[in-house]
Every structure is written in C-alpha cells, then in structure tokens.
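Working notes for the structure below.
Just so it is clear, the structure is predicted and the values come from calculations on it, not from any experiment. All values below come from the heavy atoms of this structure, side chains included, with hydrogens, waters and symmetry mates left out. Just so it is clear: chains get the letters A, B, ... in the order the sequence lines come, proteins before strands, and each one is counted from 1.
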Protein chains: 2
Amino acid sequence: MRASQFLISTLKEAPADAEVTSHKLMMRAGMIKKLGAGIYTYMPMGLRVIRKVESIVREEMDRAGAVECTMPVIQPAELWQETGRFEKMGPELLRIRDRHERDFVVQPTSEEVVTDIARQELRSYKQLPKNLYQVQTKFRDERRPRFGLMRGREFIMKDAYSFDRDPAAAKKSYETMAGAYRRIFDRFGLRYRAVAADSGAIGGDLSEEFQVIAATGEDAIVYCPQSEYAANMEKAEALAPQGPRPAAKQALQKVPTPGKATCEEVAELLKVPLATTVKSIVLATDKLDEKGAPVSTRLWLLLLRGDHGMNEIKAGKVPGLDAGFRFATTGEIEQHFGTRPGYLGPIGLREPVTVIADREVAVMADWICGANEEDFHIAGVNWGRDLPEPALVADLRNVVEGDPSPDGKGPLAIERGIEVGHIFYLGTKYSKAMNATFLDEDGKPKVFEMGCYGIGITRLPAAAIEQNHDERGIIWPDALAPFTVVVCPIGMDRSADVKAAAEKLHDELVAAGVEVLLDDRGERPGAMFADWELIGVPHRVVISDRGLKEGQLEYQHRRDAAATKVAAGEIAAFVKGRLAAA
Amino acid sequence: MRASQFLISTLKEAPADAEVTSHKLMMRAGMIKKLGAGIYTYMPMGLRVIRKVESIVREEMDRAGAVECTMPVIQPAELWQETGRFEKMGPELLRIRDRHERDFVVQPTSEEVVTDIARQELRSYKQLPKNLYQVQTKFRDERRPRFGLMRGREFIMKDAYSFDRDPAAAKKSYETMAGAYRRIFDRFGLRYRAVAADSGAIGGDLSEEFQVIAATGEDAIVYCPQSEYAANMEKAEALAPQGPRPAAKQALQKVPTPGKATCEEVAELLKVPLATTVKSIVLATDKLDEKGAPVSTRLWLLLLRGDHGMNEIKAGKVPGLDAGFRFATTGEIEQHFGTRPGYLGPIGLREPVTVIADREVAVMADWICGANEEDFHIAGVNWGRDLPEPALVADLRNVVEGDPSPDGKGPLAIERGIEVGHIFYLGTKYSKAMNATFLDEDGKPKVFEMGCYGIGITRLPAAAIEQNHDERGIIWPDALAPFTVVVCPIGMDRSADVKAAAEKLHDELVAAGVEVLLDDRGERPGAMFADWELIGVPHRVVISDRGLKEGQLEYQHRRDAAATKVAAGEIAAFVKGRLAAA
C-alpha cells in the first residue's frame with residue numbers, strides 16, 4: 001500500500017472534547033472521526049485495526065466451535081416485550097417507530113433474537129451444544145457518551161450465546177469460551193487479566209471479565225501475585241479477620257468533635273489511627289403494595305471501618321437488602337437518629353434500625369463512632385458492653401492492597417483495568433421467559449441452559465492504546481497494527497535510487513504477506529516520522545541517499561530509543577526476522 | 001467443518017409469504033430467518049454466502065485504489081438537513097429521536113457523511129482522486145417489503161464515493177469503478193449485463209446498472225446481440241423511423257366504437273392492425289406561487305402508437321415537462337376534451353392542449369384516434385391535412401424487441417434482469433449543497449466532482465439464486481457457495497471404513513484450502529442428498545461401504561444429471577481438479 005492511495009490525516013492537537021489518551025490519540029492519528037455525540041466514523045486507518053480485532057476474534061470463535069450469524073440491527077419490539085426488557089430497560093435502549101407506527105429497538109445485545117432462533121431451530125438434544133455468535137453494530141443511548149470509542153453510543157460488539165441441555169453442559173460451554181477468550185487476548189498481544197466477576201441477580205458464580213491492564217482503567221482489579229486469584233473489586237472477598245476480638249480497654253466517652261463530620265477529620269482531631277473509627281451508612285428498603293406504592297420503610301445501619309470503602313454489590317447480597325435497597329434520605333436519617341449525617345452511630349437511636357457490621361468492624365474493640373448528636377462522637381465503644389452484638393455481620397467493604405487473598409496464598413494487590421470482554425453463565429433467565437425448549441433424550445421438553453459472551457470490538461483498540469503509548473503517540477502490538485511496517489524514503493522525489501530501494505523493499509515485504517505501507521507523500525523527514533510515531537506503526541525502515549551510499553539503512557522499532565543500522569542488502573530479511581520474532 | 005458443528009436447518013415447505021423463488025429457497029435452505037417485515041437474520045449458511053460476496057467486492061475495490069472506512073448506521077439529522085434530504089426524502093427514510101430529543105436517521109446511503117469527511121479531510125488537489133467505500137448495514141423503510149432479501153428493509157450495501165478535481169478526472173474515476181465492477185461480477189460467476197441507465201435530473205450520461213440476468217427479474221434490459229449496446233428500458237432510445245411520412249390515402253371518417261375504450265378493442269372492432277391506432281395520454285404541469293400553491297395548470301397530450309408503451313423517464317425530458325409532471329385528472333380531461341378517457345384525440349379540442357407526438361406517430365399516415373366524443377373514434381387521420389403538425393416530436397415510448405439498435409448495429413433484443421449494482425457520476429450535487437471544496441493548484445477553492453457506486457451485498461445472493469436453481473433447489477457458482485464441497489458418508493455411524501474415508505477426504509481438502517463440509521449428522525441418504533441439493537453446494541462426494549469395497553466413489557456436480565465413478569484413491573485429486581477447472 002502506498003500512503004498516497006490511502007487516507008492519512010493526522011492532527012497536531014486533539015479536539016477539546018477528547019479527555020482520555022486513547023480518544024486523543026485516535027483522533028490525532030486520524031483513526032476515528034466524530035459524527036455526533038458518541039458516534040464515530042471508523043476512518044481507514046482505524047478500520048484496519050478494528051478488522052484485525054474482528055479477524056482474531058472470528059478465528060478463535062470458529063476454532064472453539066461457535067457458528068457465526070448476523071442478527072438485525074433494527075429489531076421488532078415484540079420479542080423484547082416477551083422478556084419484559086422493552087419496558088424495563090431505561091432510555092439507553094433506543095426505541096424507534098416505523099412508518100406503520102410499529103415499535104422497534106436498535107439492538108444493544110441480542111438475547112431475545114437468538115433465543116427466538118434457538119426455540120425454533122434447536123428442537124432436539126442431538127443439536128446441542130450450540131453456540132451462535134455475531135460481530136455486529138450495537139447502539140446504547142448513553143446519557144453522557146465520552147472517551148471516544150471507550151464509551152460510545154454506536155459500537156461494534158462480538159456477542160455469542162451458548163445453548164445447552166443442562167447446567168453441567170452449559171458450564172462446559174462456558175469453559176470452552178473462557179479458553180477461547182484467553183487465546184484471543186493472548187493473540188492481541190496485550191497485558192490482560194481474566195477476573196472473576198459478580199454474576200448479579202442470576203446466581204451462580206460463573207462470570208469473568210477480561211480486563212486490559214492500564215493505569216487509566218475505570219475498573220479496579222484485585223489479584224494475588226502469588227497465585228491465580230483475580231477478581232474485580234465488586235466481587236473480591238474481604239476475608240473475616242483471623243483471631244478473636246480484643247478485650248475492651250477503654251471506657252465509653254462522649255467527645256466533642258465540632259464541625260468534624262468525617263472519620264478522617266475525627267481521627268485527625270483525636271490523634272488516633274483512622275482504623276479505630278467506624279463510619280455509619282444508612283440504607284432503606286421499602287415494602288410496596290400491589291400497585292407499587294410504598295407501604296412501609298425499614299432502615300439499616302451499615303458499619304464500616306473508617307478507612308474502608310463500602311461495596312454496594314456485597315451490601316446487596318445481605319438478607320433483607322437482596323431485593324433492592326436505596327440510600328436513606330436526610331429526613332429519614334434525622335427521624336431515626338435525631339441528627340444529621342456525619343455524627344451517626346449505633347448507640348442511642350430514636351427509632352429502631354437494623355445494624356449490620358462489616359466483618360472487620362465486628363471484631364474491633366475500643367472504637368469511635370458518631371454520638372447521634374451534632375458535633376459529638378463517642379470513643380471507647382465496645383460490642384456487648386456498650387451496645388448489643390450486631391444483628392448481622394457481613395462482608396460489606398472493598399478489599400484494599402495487602403488484604404489476604406481469599407485463596408490463602410498471600411496478600412492481595414490491586415491494579416487498574418479496562419473491561420473489553422465479559423463471559424457469563426446465564427442459566428435459564430431468557431429461555432424461561434421466552435419458553436425456549438428442546439426435546440431431551442427422554443422425549444420431554446426442557447428449557448435451554450444459556451451463556452453469553454461479549455467482546456467490545458471497537459473498545460479494544462482504545463484499551464490497547466491506553467496500555468501502549470508514549471508521549472509521541474500510539475505503540476501498536478504487531479497483531480493490531482494498521483500496518484506492521486512503514487517504509488520511509490527520504491527525498492524519494494529527488495533520488496531515483498531512494499525510490500527504487502523503497503519500492504523494492506515494499507514489494508518484497510508485500511510478497512511475503514507483510515502489511516507494509518510506503519510513505520510516498522513527499523513529507524519532510526521530521527513530519528513523516530512524527531506521523532508514524534503518532535499512528536504507532538511498530539516497525540519502521542528509513543531509506544535515504546546517504547544510507548544507500550554507505551550501504552546501511554535504518555531500522556527502528558516503535559519502542560526502540562534509537563535506530564539500528566542494517567546492511568542495505570539485508571534489510572528485507574532483517575525486517576522479516578523481527579516480525580517473526582515478535 | 002462438520003455438519004454437526006454447524007447449524008443446518010432445512011424446510012420441506014416455504015412459508016406462505018415467500019412469493020419468489022429466491023425467497024422460497026433461501027428460507028427452505030435455512031439461509032435467512034424472518035424477524036419482521038423485510039428484516040432477516042442472516043443464518044450461518046446464508047452468512048457464508050454473504051461473506052463471499054463481501055470478500056470479492058472488497059478485494060476488487062481495494063485493487064481499484066478505493067479505501068475502506070465505516071460510516072455510522074445512526075446519523076445525526078444535521079448533515080441531512082444541509083442537503084435538504086432530511087425533509088425531502090419520504091417515509092422510507094427511517095427517522096429517530098434519541099433520549100435528548102435530537103433527530104437522527106438510519107442511513108439508507110451516506111452521501112452526506114462522506115461529503116462531510118471529504119470537505120474536512122481532503123483539502124488539497126494533491127490528495128485527489130480519492131475513493132472512500134464502506135460495506136455497511138442500511139435501512140429503507142419500504143412501504144411493502146417483500147421477496148426476502150430482494151426488497152428488504154434492513155440490508156447490507158457496499159457504497160463507494162469518489163472525489164475528483166474536475167469532470168474529466170471524475171469520469172476517469174467512474175471508468176475505474178466500471179472496470180472494477182466488471183471484475184467483481186465476472187468473479188461472482190454470474191451471467192450479467194452492464195447497461196446504460198438514465199442519470200436523472202443530475203445530467204450527464206454516465207450511469208450504468210449491473211443487472212444479473214434472470215427470467216424473473218423486475219427490470220427489462222435492452223441489448224443488441226450484434227454489438228456492445230445495452231441499456232435499461234428507461235434509457236434505451238427508440239430511434240426516429242427512417243424515411244418520410246407516407247402520403248395520405250384515406251379520407252377522414254368518424255366511426256362509431258361503442259364501449260371500445262382501448263386501442264386493442266378499437267383495432268379488433270375495425271379489423272385493422274393495432275399499429276394503425278394512436279393512444280392519447282394527458283399530462284398536466286402546474287405553475288406554483290412562492291408558497292407552493294397552484295396558480296395555473298397546463299395540459300399536454302402525448303400521442304403514442306397503440307402497440308407502444310409510454311416511457312415516463314423520456315416524457316420527463318421533454319421541454320416543458322422536465323420540471324415535473326403529473327397525469328391529468330378526469331375532471332381536467334373532461335373540461336379540455338369534452339369526453340372521458342378512452343375516446344380522446346388531438347382533433348376538436350374544447351380548450352388548448354399542447355400536442356407531443358412520439359417519433360413514430362409523427363411519421364404515421366391514415367391513423368385512428370379518439371373523436372373526443374364518447375363511443376366514437378376517427379379513422380384516416382393525417383397530419384397537416386386534418387390537424388396541425390404536432391407542437392413537439394420526441395422519443396416517448398419504450399423500445400420493443402426488433403427495434404433498431406441506437407448504434408445502428410442490428411435489431412434490439414430484450415431480456416429481464418435484477419439490478420444488483422449501480423454506478424453513477426454525481427457531479428457537484430452534494431458537494432455544492434454542502435459547500436465541500438478543496439484548494440486547487442491555482443490556490444482557489446473548488447467543489448468536488450463526485451461519483452457514487454453501489455452493490456447490494458445481500459441482494460446479490462438472491463439474484464444469483466433467481467438465475468441458478470432447478471426444481472430441487474439452489475445451484476451456487478463455486479465463488480458464492482457456502483461450502484464448495486460436501487462429503488456425504490452413508491452409514492458413517494455403522495462403518496469404521498466409511499468414517500475413516502470420509503474424514504480423510506475432508507481433512508485432505510481442508511489442508512488444500514477447500515471449503516468442505518462433512519455431513520456427519522447421520523441422516524438417511526435420501527434426506528441428506530435432498531438437503532444438499534436444496535442448499536446448492538456445487539460439488540458432492542458420496543462415500544459408502546459398497547463404494548469402498550468396489551474401490552469406486554461417487555462424485556456429482558450439482559448440475560450433473562448423474563454421478564461419476566472415481567477410483568477411491570483418486571478422489572481428493574479428482575475433486576481438486578474439478579475445483580481448479582471451475
């Protein structure tokens with residue numbers, strides 16, 4: 001490919017609305033072009049990267065026995081009404097009326113359509129297991145789309161759906177996909193982690209996220225460097241502390257803490273470690289009548305150590321909170337506690353509240369909490385002596401660096417990641433709602449056990465850039481690069497030798513199946529090199545008159561600090577060697 | 001690939017709403033699945049065919065120097081308002097409002113978006129010519145979607161757009177695309193014709209349709225078997241007749257024709273050739289005021305020979321009609337002619353009407369037309385003698401078989417086709433409307449000269465089937481087949497020899513890069529053969545115990561009447577030879 005035939009369009013400055021590195025670099029490198037909020041044209045340079053992603057994903061899905069189909073972008077509302085998602089999904093589901101005033105949606109995923117296919121086409125257990133996938137345009141009408149391809153509205157996703165006879169077979173299908181995903185992410189050439197994820201309301205514990213490691217990632221990933229343990233923050237268990245609760249040493253004491261409404265402020269004022277303070281978080285659950293109107297409300301007081309963060313997913317699993325909860329209003333808090341947030345605690349409540357202590361808080365002695373009186377806290381608090389043992393003890397907090405790994409193999413570490421894949425054992429959620437059955441060996445109809453498996457095809461390049469870039473631009477792994485090699489001739493329009501050598505190298509690499517681009521635009525060396533460092537082509541060869549006279553050409557990998565001199569006659573072989581070694 | 005891993009789903013009967021052969025066969029072969037009116041899932045078997053089409057199209061577009069990008073499916077209304085298409089396009093343009101009540105469209109094509117890209121990215125004449133293409137999902141909200149993929153609402157189209165400095169360069173880009181299209185359609189292995197098409201209001205005569213020849217095609221294609229001439233019916237010129245008008249022989253005579261309101265009925269009643277009658281078609285043009293309200297109306301009387309059909313495209317080019325016309329209402333006709341349609345003619349009008357004679361009518365003598373009196377016609381009519389020479393003479397009719405070819409190389413023939421590609425020199429229609437300019441060599445801004453080039457990716461398989469099928473099912477050309485070879489073992493579950501031989505052949509063909517499917521479903525031979533004949537895989541090998549014992553296996557091409565015996569040891573080489581010869 002010659003640059004003059006291609007569309008290269010780099011920018012010195014990223015547009016003002018580009019906040020994150022990958023968005024800035026993709027805009028500057030001319031890979032994407034904004035058409036509207038969260039809606040981008042994939043420009044030729046960006047599309048080549050997306051095609052690489054698609055191609056690796058397809059190869060590994062096919063190898064794992066999945067079968068590709070394509071479900072429509074615009075889907076009639078009827079199937080979405082069968083599962084209730086047409087009504088239940090929020091405004092991020094883009095709804096359309098056609099010319100005949102019939103309702104449609106633009107697909108954000110395709111569970112309904114694929115389950116409809118299965119209930120019609122997969123009639124016998126003999127046809128199972130079956131895994132259908134597509135690589136298709138999706139739309140989610142995000143309220144605040146941002147970060148370029150990281151959180152767009154229109155995007156491309158690979159979504160796969162497995163259908164099985166029973167949970168054991170479904171788990172096998174799930175494991176097959178987990179293996180395929182590992183191969184896919186290995187082939188991308190990215191540092192990633194497969195982390196256990198919470199499987200939500202559906203139950204079971206088979207859910208993993210594939211996270212590309214990047215300091216700028218939205219998600220916190222918890223792992224044990226000494227073992228295989230890895231989970232996302234929502235899922236990672238904080239083990240119960242070892243050993244018994246220490247004996248009480250201090251007397252209960254009400255201390256003035258004027259204007260100190262946070263644990264940090266109180267600890268600083270009293271000159272005690274933050275870990276001796278306990279924070280109070282008040283949740284509410286509503287009992288509703290048949291029409292959905294609230295009949296009664298119950299309040300819950302969650303106690304966490306002052307230096308710990310609440311984990312809402314874990315809180316949502318506590319019996320009583322597992323049907324849904326909300327944060328209490330200031331009015332509700334004042335009614336029950338007699339004071340405003342910042343001075344709350346479990347002692348001396350006006351109205352009954354159910355106390356749930358985090359595992360860590362349950363074994364604390366001599367702790368500090370709010371006095372339920374503005375500008376006062378209580379110190380030297382002890383369970384049993386000053387207040388009843390907590391009604392419930394549960395894991396309510398996010399783990400922190402150094403917490404023991406749940407597998408007992410050492411302390412936990414935390415790093416940041418970008419979720420680009422998610423695999424999920426669905427069970428019968430959709431097949432039951434849509435009465436999707438097959439005839440089992442015993443001649444009886446059974447609902448399918450399902451799994452679903454997604455990869456954010458257009459998000460992946462953005463994640464790859466967050467992980468692989470420097471101040472000059474993108475650094476693509478070979479597997480994702482829009483071009484693997486760029487040949488940069490200097491003064492090609494002036495020197496017939498340079499032109500001939502550049503074209504010879506280009507043609508030789510093309511013949512070897514290498515995706516090479518010859519930059520024949522006639523740019524000055526500085527601008528030309530800056531373009532390719534921005535675009536991030538991993539391998540570069542510079543061909544100059546002086547180099548040819550000296551018989552030495554310059555090869556440089558995008559990560560190399562300096563160029564390597566290579567004998568002119570050896571350059572094609574040298575490049576091929578570098579590609580093979582990559 | 002093994003059949004058990006794939007999703008094969010054939011039907012004995014096509015659904016009732018499938019009217020045309022390709023729709024019936026694609027449904028029966030399990031290639032597509034209806035989700036809603038004009039909206040289909042591309043099932044695995046059908047998607048493989050679509051991918052073949054896409055892949056050939058991409059290879060030839062790239063070879064022709066076009067560059068691929070992907071423009072969004074959901075496009076903001078603003079650009080569509082710039083060209084006025086947001087308002088002007090009818091209800092087939094699917095309009096959407098997002099959660100913020102902003103207007104969007106689902107793209108039916110992408111002229112606006114690509115012109116917006118060009119005006120931002122192509123700033124200098126040095127970047128031209130440039131041709132950007134995409135293979136992308138489109139939506140047209142057809143009032144009455146039908147015929148499966150032939151006239152669906154959601155479909156995949158390849159659309160390309162060229163940008164050039166001037167008309168000469170744009171015509172060169174157009175010719176490059178015309179060449180690429182010929183290579184594409186040659187590679188599909190279909191009988192097709194590139195026919196000149198009308199370029200509509202934009203002007204110029206550079207527009208060609210690529211028509212797949214099929215008896216069931218919607219379009220009439222006109223061609224000259226003795227030359228390269230080919231055009232669609234709208235475009236094909238009916239030459240002016242040779243020689244002068246014959247002298248008048250008959251006297252003018254009013255004849256009673258009670259209840260005979262068509263030329264056919266009159267000719268039968270009077271026992272004269274249909275070609276001696278003249279039909280009257282009344283058109284109207286309205287003069288509008290600034291607000292679009294009609295100020296005055298002018299009527300036009302078109303005269304065509306009784307056996308000829310009116311060509312509305314040609315009528316729309318007559319001066320006076322070229323700003324748009326409509327058919328006159330019965331009220332308007334009665335006011336001007338004093339009688340109802342069926343008895344109209346150019347003699348004895350109540351109100352003035354402009355007479356336009358078809359070229360053929362202009363040289364007729366002694367003809368028959370309506371008397372402007374119910375139940376009467378006039379015979380022996382002659383120009384000059386009985387009425388003034390016509391105000392205008394023009395080509396108003398469709399050509400018929402045997403008409404002279406416009407290139408003078410012989411008589412015309414007519415066959416039917418299905419339009420699957422269209423190339424078009426657009427000129428500056430969009431670039432002017434959107435003020436899309438580049439800086440030319442003289443430093444001055446100029447608007448781009450554009451072309452657009454479409455291929456109906458998902459329509460092509462349907463057209464291929466209309467052309468290639470028999471009573472048993474589809475017959476794919478090798479280039480489009482979902483699988484090129486099917487290996488059909490008989491009793492694979494009972495015979496280890498059959499199993500081993502089938503797997504060996506399968507593996508050998510896979511190793512040679514052949515897309516082969518091994519039917520391991522355990523179907524009975526009759527059902528198995530019927531499936532593959534329906535699906536239309538071109539090459540089939542049957543492996544049976546008896547065959548193996550005799551050392552003879554059966555090869556059959558889908559078009560062969562009977563199987564060919566091939567020595568068992570030679571079968572792989574034989575199949576490869578047949579594929580190479582195809």
Side-chain angles (χ1 to χ4, degrees), chain A residues 1 4-7 9 30 33 35-37 39-44 46-48 50-51 62 65 67-76 78-79 90-92 94-96 98-100 102 104 106 113-114 116-117 120-122 126-127 130 132 134 136-137 139 141 143 153-154 156 521-522, chain B residues 1 4-7 9 30 33 35-37 39-44 46-48 50-51 62 65 67-76 78-79 90-92 94-96 98-100 102 104 106 113-114 116-117 120-122 126-127 130 132 134 136-137 139 141 143 153-154 156 521-522:
Chain A
M1 175 73 74
S4 57
Q5 280 175 8
F6 202 67
L7 184 57
S9 175
K33 192 162 183 63
L35 183 60
I39 299 179
Y40 293 86
T41 292
Y42 309 134
M43 296 292 283
L47 185 61
R48 287 183 73 98
I50 292 167
R51 291 267 182 267
D62 292 344
V67 186
E68 189 176 1
C69 64
T70 301
M71 291 174 267
V73 174
I74 312 278
Q75 304 184 345
E78 284 81 2
L79 292 175
E92 66 277 11
L94 187 61
R95 295 164 174 88
I96 307 182
D98 74 357
R99 63 190 292 165
H100 300 299
R102 279 188 295 245
F104 289 81
V106 184
V113 172
V114 80
D116 182 53
I117 291 172
Q120 293 181 61
E121 302 296 335
L122 305 178
K126 289 181 193 162
Q127 291 171 279
K130 199 65 76 187
L132 283 169
Q134 64 178 346
Q136 177 66 308
T137 301
F139 201 94
D141 200 0
R143 197 174 59 80
R153 294 202 286 176
E154 182 169 320
I156 301 174
R521 294 175 299 162
Chain B
M1 174 73 74
S4 58
Q5 279 175 8
F6 203 67
L7 184 58
S9 174
K33 194 162 180 65
L35 183 60
I39 299 178
Y40 293 87
T41 293
Y42 310 134
M43 296 291 283
L47 185 61
R48 288 183 71 98
I50 292 167
R51 290 269 182 266
D62 292 345
V67 186
E68 189 176 0
C69 64
T70 302
M71 292 174 266
V73 175
I74 313 278
Q75 305 184 345
E78 285 80 2
L79 291 176
E92 67 276 11
L94 188 60
R95 294 163 174 89
I96 307 182
D98 74 356
R99 64 191 292 166
H100 300 298
R102 279 188 293 246
F104 289 80
V106 183
V113 172
V114 80
D116 182 53
I117 291 172
Q120 292 181 62
E121 302 297 334
L122 305 177
K126 289 182 193 161
Q127 291 171 278
K130 200 65 76 188
L132 284 169
Q134 64 176 346
Q136 177 66 308
T137 300
F139 200 93
D141 201 358
R143 197 174 60 82
R153 294 202 285 175
E154 183 169 319
I156 301 174
R521 294 175 299 163

Checklist outcome for this item: Here the gap from F6(B) atom CZ to K130(A) atom NZ, rounded to the nearest 0.5 Å, amounts to 9.0 Å
Checklist entry - For E78(B), is it the side chain, the backbone, both, or neither that has a heavy atom closer than 4.5 Å to a heavy atom of chain A? => result neither
Next on the checklist: Counting C-beta onward and ignoring hydrogens, is there a side-chain heavy-atom pair between R521(B) and K126(A) closer than 4.5 Å?
Outcome noted: no
Checklist entry - Checking heavy atoms, do the side chain of I74(B), its backbone, both or neither come under 4.5 Å from chain A? => result both
Checklist outcome for this item: Highest number of heavy-atom pairs under 4.5 Å with chain A among T137(B), V73(B), L7(B), I156(B) belongs to V73(B)
Checklist entry - salt bridge (charged side-chain N to carboxylate O under 4.0 Å, His left out) with R51(A): which residues, sequence neighbours excluded? => result E54(A), E68(B)
Item to check | Which atoms of V113(B) approach chain A - backbone, side chain, both or neither, heavy atom under 4.5 Å | outcome: side chain
Next on the checklist: To the nearest 0.5 Å, what is the distance between CD on E154(A) and CZ on F104(B)?
Outcome noted: 10.0 Å
Item to check | Which of I96(B), D62(B), L122(B), D141(B) touches chain A most, by non-hydrogen pairs under 4.5 Å | outcome: D141(B)
Next on the checklist: Set out, in order, the CA-CA distance, both residues' side-chain angles and the distance that settles side chain to side chain contact (heavy atoms under 4.5 Å, CB included) for I117(B) and M43(A), then state yes or no.
Outcome noted: CA-CA 9 Å; I117(B) 291 172; M43(A) 296 292 283; 3.9 Å; yes
Checklist outcome for this item: Closest non-hydrogen atoms of R143(B) and H100(A), given as atom of the first, atom of the second and distance, are O-NE2, 3.2 Å
Checklist outcome for this item: Looking only at R48(B), E92(B), M1(B), Q120(B), most heavy-atom pairs under 4.5 Å shared with chain A are made by Q120(B)
Item to check | Smallest separation among heavy atoms of L94(A) and D98(B), with atom names | outcome: CD1-CA, 4.0 Å
Item to check | Closest heavy-atom pair and its distance - C69(B), P44(A) | outcome: CB-CD, 3.8 Å
Checklist outcome for this item: Rounded to the nearest 0.5 Å, the CE atom of M71(A) sits from the NZ atom of K33(B) at a distance of 12.5 Å
